[in-house]
Amino acid sequence: MLMTAIENIQATDSEIDVERALERRQKILAIAVPLGTAASLILLWQIGVRLFAVPTYIAPAPTDVAFTLVDKFPILLANFWPTLYESVLGFIVGNIAAVLIAVAFVHSRTVERAFFPIAVFVNTIPILAIAPILVLIFGPGLTAKVVIAALICFFPTLVNMVRGLQAVSPQALELARILSASKSEVFWKIRLPSSLPFLFSALKIAATTSVIGAIVGEWVGADMGLGALIIDATFNFNSPLLYATVFMSSGLSVLMFATVSIVERLVVRW
């Protein structure tokens, strides 16, 4: 009996070791596969540009872009900070407005019927079309860019937050009614926790689109920022700087997305 128990324990330990090894392998693959794919695409890009002798002003080689990133890094960094500031402010303003309006929609069907179609209509207007109007209204300063960034990330958060606040278990609402819970207690204890996964799904989208909004605002009227640098590099046919700025913009989007993902892991633990 003792030997059998020992063998069973050893077999269990062996199975646990195998499972851990498989988990480690999956984690390694989850990192290695995307990195390998990206490296392969960059290598093909480098070979294609050199093989077909593509002019630099059309498509620079990755090595030229990398050199520009290093050589022009002070310029890129100086234009990075304004775009980051505008993106973060637009992200905060747009999402706070979306959450507050979503709460109003959930608690009043009349308000939802009155204003939700307007929100849908505003969302159908291309951001490139509405950006010049906002610049005319607010001027070429910071306000217009923040409003553009806020608008572009507003609607996804609004829709997901409304859905999340409504996606509450009927049994939970019935229990709250039996216990004579107030509307505020139902909101804070039931509706808000159930909406958090929906909210963070929208915030991940908004984290990247807010950067797009800030850059579009800089296209319309700005002398600093990654969007302004993109326009300047385009008109001067400085493709290496253009590509380097695009990569810097992409890095900003990744940074915003990663920040929201980290916050989600800290807040949503179920």
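Values reported hereafter were calculated over all heavy atoms of this structure, with side chains retained and with hydrogens, waters and symmetry mates removed.
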Taking atom [atom1] of [X] and atom [atom2] of [Y], what is their separation to the nearest 0.5 Å?
X	Y	atom1	atom2	result
Ile133	Ile148	CD1	CD1	10.5 Å
Asn236	Tyr57	CG	OH	15.5 Å
Ile215	Ile152	CD1	CD1	10.0 Å
Arg163	Ser201	CZ	OG	9.0 Å
Ile96	Phe154	CD1	CZ	12.5 Å
Asn123	Leu158	CG	CG	9.5 Å

Is the shortest heavy-atom distance from the side chain of [X] to the side chain of [Y] under 4.5 Å?
X	Y	result
Val65	Phe247	yes
Val120	Phe155	yes
Leu199	Leu192	no
Glu218	Glu86	yes
Val147	Thr143	yes
Phe91	Met256	yes
Pro240	Thr56	yes
Ile231	Phe235	yes

Under the 3.5 angstrom rule, does the side chain of [X] hit a backbone N or O of [Y] as a donor-acceptor pair?
X	Y	value
Arg191	Val186	no
Thr83	Leu226	yes
Asp64	Pro60	no
Asn79	Ile75	yes
Ser108	Phe105	no
Lys145	Ser87	no

Test item: side-chain donor near acceptor, Thr157 and Asn95, under 3.5 Å: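 Yes.
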Are [X] and [Y] linked, directly or through other ILVMFWY residues, by side chains that come within less than 4.5 angstrom of each other?
X	Y	answer
Leu136	Val220	no
Phe121	Leu134	yes
Leu41	Tyr243	no
Leu252	Val263	yes
Leu69	Leu43	no

Ile31 vs Leu35, side-chain contact (heavy atoms from CB on, under 4.5 Å): CA-CA, chis, key distance, verdict: CA-CA 6 Å; Ile31 298 173; Leu35 289 178; 3.7 Å; yes
Test side-chain contact (heavy atoms from CB on, under 4.5 Å) applied to Arg50 and Thr63, step by step: CA-CA 11 Å; Arg50 299 305 187 198; Thr63 49; 3.3 Å; yes
Residues Leu241, Leu76; criterion side-chain contact (heavy atoms from CB on, under 4.5 Å); working and verdict: CA-CA 9 Å; Leu241 180 59; Leu76 289 166; 4.2 Å; yes
Which atom pair, heavy atoms only, marks the closest approach of [X] to [Y]?
X	Y	value
Ala78	Met224	O-CE, 3.5 Å
Val54	Ala59	CG1-CB, 3.9 Å
Phe198	Gly164	CD1-CA, 3.4 Å
Glu112	Val162	OE2-CG1, 4.4 Å
Gly94	Cys153	CA-SG, 4.4 Å
Ala149	Ala214	CB-N, 3.9 Å

Over 12 non-hydrogen atoms of neighbours within 6.0 angstrom of CZ in Phe187: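 Yes, the 6.0 Å shell around CZ holds more than 12 heavy atoms from other groups.
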Criterion side-chain contact (heavy atoms from CB on, under 4.5 Å) on Val254 and Phe257, from CA distance to verdict: CA-CA 5 Å; Val254 171; Phe257 183 91; 5.6 Å; no
